[in-house]
Amino acid sequence: MAASILITPATAVADHATNPHSPNMHAKGHSPHPATFLGEPDGVRHVNSDIAFRGNLAFHGNYDGFRIVDIADPDNPAEIVHQRCNGDQGDIVVWENILVRAWNSKKAVPRDCDGQTVPAGWEGVHVFDISNLSNPSLVASVELPCGSHTLTAAPDNGRLIVYSNNSSSTGCGTSGNLALENVLGDFIDVIEVPFAQPENANLLRREPLAGPITNVRTGCHDMGVILGSVNLAACASADATNVFDVGANAHPGGSLADPVFLYTVSEPGVGQAGTNGRWHSATFSWDGKVLVLGWEPGGGSEPECQSTDPDVDKSMFFYDAHTGAKLGQWALPRPQDGVAENCTIHNYNIVPLRNGRYIAVGGHYQAGTWVTEFTDPAHPVTIGWSDPPAISPPDLGGAWSSYWYDNFIYESSITEGLNVYRLSGDATGGAVRLGHLNPQTQEFSLP
């Protein structure tokens, strides 16, 4: 009902082509969606957030809903629709004709989602039927007392299991015993969305978290899941990332609906009291051997990748996925010394390669998009990058997410929209074409 349809494709003006970049990083098309954190008050923000993919479509979340973008021509991505849903964050997952969107925090006044009133004080997830791409339809709302900051999803016997992560215990709790639990924020909301009846989406249960070490209780920020023969999930949580069995790695074995806790990972200086940040993102190498973690010092708004900053504030970390032993780390090699360049190691995924190479593609706010090989986790190597100049006048911006999908790199620029890149050379040669992708979920594993 509240969708705005773009009748003609927008001209592909690829401003990202002017960014400083490595010779092998080639700017392709651009789908514009201008926004700002600083110039738009809450309630009218269009800030661009995370991305999911299905076929030749990119589903691009934002603070006022989500866009569906035709990416069949990487030089000319074309917006099909902007579906309105006026709650912040807008993290999304897509499975076939179902899209689930995160609503992060309570609002003081009623808001609107697809023409339906969202009451003041409501927070949780909205479920859309996207079978009609030009007019997605809101079919279910699942209220969650701690809200929904990010989502991770996987199919499970006729239903979609969705892990909703609250990221903060601020304002949690509604009444009774729930209030006591919510203040801690140490849980994952496990939601089910039946494929045949998505309108019956519901909260199945809450999965408690182990830790934290220094009593900074903020729950999960994001989760990574790998299925196939691996069946692990990792929750980037406060100062103690939680790793779970979702298959047969424990006794008794876990499942997607009921994960079994295995162990925690901590890193000196990451997420502990006084560090102004916490674990942020988690994923795995496609063989399930390496756990890849990033954190967010400065909460995404501070200039934390400057030349004077320690490596721990601008690093991606590698651990043995079955023991939690540290294997190495990659530090961003290009200092972000412009005026107030917000920067962290933010959202990333791993290129699906059968040849045993490990290559990560990530978006790191105003540090831009980086490609890193960690086949030897103790000695990672940067192999490509595009790093925009500092925003002037200063604003919060840059690459919220950058992901590899079917031979191209897609970057969600907070203030600009969707940018497309192509990485030349043989580093990613032979990558598996996926056909669809929720970047936090690896639906199979590779030997």
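Index from 1, following the sequence. Because the structure is a prediction, the values reported are computed rather than measured.
- In this structure, E40 contributes its side chain and F37 its backbone to no donor-acceptor pair below 3.5 Å.
- Remark: side-chain polar atoms of N349 are paired, donor with acceptor, to backbone N or O of W404 under 3.5 angstrom.
- A distance of 6.0 Å or more separates the ring centres of H60 and H33.
- In this pair, W370 and W330 present their aromatic rings tilted. The plane angle is within the 30 to 60° band.
- A donor-acceptor contact shorter than 3.5 Å links the side chain of Y348 to the backbone of S281.
- For the residue pair H149 and N166, no side-chain donor N or O sits within less than 3.5 Å of a side-chain acceptor on the partner.
- Between the side chains of T150 and N165, at least one donor N or O lies within less than 3.5 Å of an accepting N or O.
- Taking the six-membered ring for Trp, Y410 and Y403 have ring centres at least 6.0 Å apart.
- Judged purely by atom type and a 3.5 angstrom limit, N438 uses its side chain to pair as donor or acceptor with the backbone of V94.
- In this structure a side-chain-to-backbone donor-acceptor pair under 3.5 Å is present from T441 to A153.
- Taking the charged nitrogens against the carboxylate oxygens, R101 and D114 have no contact shorter than 4.0 Å, which rules out a salt bridge.
- For the residue pair E304 / T344, no side-chain donor-acceptor distance below 3.5 Å is found, with atom types taken as modelled.
- With ring centers used as reference points, H221 lies 6.0 Å or more from W279.
- W295 contributes a side-chain N or O that, together with a main-chain N or O of V312, makes up a donor-acceptor pair within less than 3.5 Å.
- Looking only at atom types and distance, the side chain of D50 has no donor-acceptor partner in the side chain of S412 under 3.5 Å away.
- Using modelled atom types, no side-chain atom of D320 and backbone atom of L327 make a donor-acceptor pair closer than 3.5 Å.
- Residues satisfying the side chain to side chain donor-acceptor pair (under 3.5 Å) criterion with H126, sequence neighbours excluded, are absent altogether.
- Remark: side-chain polar atoms of D258 are not paired, donor with acceptor, to backbone N or O of L256 under 3.5 angstrom.
- Minimum heavy-atom separation, M25 to S386: CG-CB, 4.0 Å.
- At a threshold of 4.0 Å, the pair D309-K314 does not count as salt-bridged, since none of the basic side-chain nitrogens sits closer than that to a carboxylate oxygen.
- Evaluated for a ring-ring contact (aromatic ring centres under 6.0 Å, His included) with Y421, the options H16, H26, H21 yield exactly one hit, H16.
- Side chain of N62 to backbone of G65: a donor-acceptor contact under 3.5 angstrom is found.
- There is a side-chain donor-acceptor pair under 3.5 Å between D376 and H379.
- The only member of R67, E79, E411 that meets side chain to side chain contact (heavy atoms under 4.5 Å, CB included) when paired with L418 is R67.
- For S164 and D189, the side-chain atoms include no donor-acceptor pair closer than 3.5 Å.
- For S402, the side chain to side chain donor-acceptor pair (under 3.5 Å) criterion is met by T369, not counting sequence neighbours.
- Looking at D387, its side chain never comes within 3.5 Å of a backbone N or O of R334 through a donor-acceptor pair.
- For the 3.5 Å distance criterion, the side chains of N202 and E192 qualify, holding a donor opposite an acceptor.
- Side-chain N/O atoms of E416 and H30 include no donor and acceptor closer than 3.5 Å.
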